[in-house]
**Q** 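Supplied in structure tokens, the structure appears directly below.
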Amino acid sequence: MSDRDEADASRPLVTTVNYPLFVVTACAGDDVSGCLAGFITQSSIRPVQFLICISKVNHTFSTARSSRGLVLHLLGSDQGDIGSHFGELTGDEVDKFEGIPWSPGRTGAPILTECAAWVEGPTVGRMAGGDHEAFLINVQDGGAGTHEGCFMVRDAAGFEPGHPV
């Protein structure tokens, strides 16, 4: 066994992979929240399900735990400003939805007007995942947006997270 820490051991894989970044939104009562997230995957075809991992230090985490469901937004390749907005600001200090057009979805979670595509569904399971928690949603609604392409993790290379990692 090597004496390297986990970060050193995973660095070759993590720095090679370029994956899409998403905005995840949630609503619990009057609290609407959203964050930039990269640890996302479709986990089932029938039923269609997505696994969405949210950092436990993120403001959106507590809202997501109390919400009925989540909305997952794929950002277009030209939406670095939206990625920065939801990734570099914290809902602990600002209203991230001020000036951002959205409408409530079936679960009450915000559906951003501007994105490449989105899906929404109720949370049907949760699982601890280190410094993140995984939320499993069953997709009940979704649609295409007006933006093309995908905003990728390498596009966010200069971002500073609103909360420390």
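The structure displayed is predicted, hence computed values, not measured ones.
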**Q** Tell me, which pairs form a salt bridge (Lys or Arg N to Asp or Glu O under 4.0 Å) where one or both residues lie in residues 14-28, sequence neighbours left out?
**A** none

**Q** Report the distance from atom NE2 of H85 to atom CZ of F159, rounding to the nearest 0.5 Å.
**A** 12.0 Å

**Q** Identify every side-chain donor-acceptor pair in residues 15-28 under 3.5 Å, counting partners at least two apart or on other chains, and give the distances.
**A**
| residue | atom | partner | partner atom | Å |
| --- | --- | --- | --- | --- |
| T15 | OG1 | R11 | O | 2.7 |
| T16 | OG1 | P12 | O | 2.6 |
| N18 | OD1 | R154 | N | 3.1 |
| T25 | OG1 | P110 | O | 2.5 |

**Q** Taking only residues two or more places apart in sequence or in another chain, which ones pass side-chain hydrogen bond (donor to acceptor under 3.5 Å, both in side chains) with D95?
**A**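 Per chain and number, D95 pairs via side-chain hydrogen bond (donor to acceptor under 3.5 Å, both in side chains) with no residue.
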
**Q** Taking L112's backbone N and O only, do any of them form a donor-acceptor pair with H73's side chain (distance below 3.5 Å, no angle check)?
**A** yes

**Q** Can you measure from CG (L70) to CD1 (I137) and round to the nearest 0.5 angstrom?
**A**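 Reported to 0.5 Å precision, the distance equals 6.0 Å.
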
**Q** What distance separates Q79 CD from S84 OG, expressed to the nearest 0.5 Å?
**A**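 So the CD of Q79 and the OG of S84 are separated by 12.5 Å.
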
**Q** Under 3.5 Å, is there a donor-acceptor pair between the side chain of T113 and the main chain of P101?
**A** yes

**Q** Who clusters with V94? Use side-chain heavy atoms, under 4.5 angstrom, across I, L, V, M, F, W and Y, and order the result by chain and number.
**A** L89

**Q** Each residue besides L51 in its hydrophobic cluster should be listed here, by chain and number; the cluster joins Ile, Leu, Val, Met, Phe, Trp and Tyr at side-chain heavy-atom distances under 4.5 Å.
**A**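 Answer for L51: V124, L136.
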
**Q** Would you list the pairs meeting side chain to side chain donor-acceptor pair (under 3.5 Å) in which at least one residue belongs to residues 96-112, sequence neighbours left out?
**A** T107-E120

**Q** Kindly write out the residues that satisfy salt bridge (Lys or Arg N to Asp or Glu O under 4.0 Å) with E114, not counting sequence neighbours, or none if the list is empty.
**A** none

**Q** Give me the other members of the hydrophobic cluster that V71 sits in, counting Ile, Leu, Val, Met, Phe, Trp and Tyr linked by side-chain heavy atoms under 4.5 Å, directly or via other members.
**A**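 Its cluster mates, by chain and number, are I111, W118.
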
**Q** With sequence neighbours left out, what residues match D155 under side-chain hydrogen bond (donor to acceptor under 3.5 Å, both in side chains)?
**A**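 Applying side-chain hydrogen bond (donor to acceptor under 3.5 Å, both in side chains) to D155 gives none.
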
**Q** Not counting sequence neighbours, list each pair that qualifies as a salt bridge (Lys or Arg N to Asp or Glu O under 4.0 Å) and has a residue in residues 77-88.
**A** none

**Q** In this structure, would F135 and L74 fall into the same cluster of hydrophobic residues linked by side-chain contacts under 4.5 Å?
**A**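 Linked, F135 and L74 end up in one cluster.
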
**Q** Hey, does the side chain of T123 reach the backbone of G125 with a donor-acceptor pair shorter than 3.5 angstrom?
**A** no

**Q** Decide yes or no for F61 and S55: does some side-chain heavy atom of the first lie under 4.5 Å from some side-chain heavy atom of the second?
**A** no

**Q** Share the residues that join M152 in a hydrophobic cluster, the rule being Ile, Leu, Val, Met, Phe, Trp or Tyr side chains under 4.5 Å apart at the heavy-atom level.
**A** none

**Q** Does the side-chain contact (heavy atoms from CB on, under 4.5 Å) test come out yes or no for I82 and I100, once each step is laid out?
**A** CA-CA 9 Å; I82 300 296; I100 303 290; 3.9 Å; yes

**Q** State, with a plain yes or no, whether a side-chain heavy atom of L36 is found less than 4.5 Å away from one of L75.
**A** yes

**Q** Let me confirm one number: the CG-SG distance from N58 to C53, rounded to the nearest 0.5 Å.
**A** 12.5 Å

**Q** Side chains of residues 39-47: which donor-acceptor pairs under 3.5 Å do they make with residues two or more places apart or in other chains?
**A**
| residue | atom | partner | partner atom | Å |
| --- | --- | --- | --- | --- |
| Q42 | NE2 | S44 | O | 3.0 |
| S44 | OG | P47 | O | 2.6 |

**Q** So, taking the atom named CG in D92 and the one named OG in S62, what distance separates them when rounded to the nearest 0.5 Å?
**A**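 The distance works out to 8.0 Å.
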
**Q** State, to 0.1 Å, how close A128 and K56 come at their nearest heavy-atom pair, and which atoms those are.
**A** CB-NZ, 4.3 Å

**Q** Say you draw a straight line from OG of S66 to CG of D31; how long is it, rounded to the nearest 0.5 Å?
**A**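 Separation between the atoms: 8.5 Å.
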
**Q** Closest approach of S67 and A64, non-hydrogen atoms and distance?
**A**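 Where S67 meets A64 most closely, the heavy atoms are OG-O, 3.0 Å.
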
**Q** Could you tell me which non-hydrogen atom of I54 sits nearest to which non-hydrogen atom of C35, and how far apart they are?
**A** CG2-SG, 4.2 Å

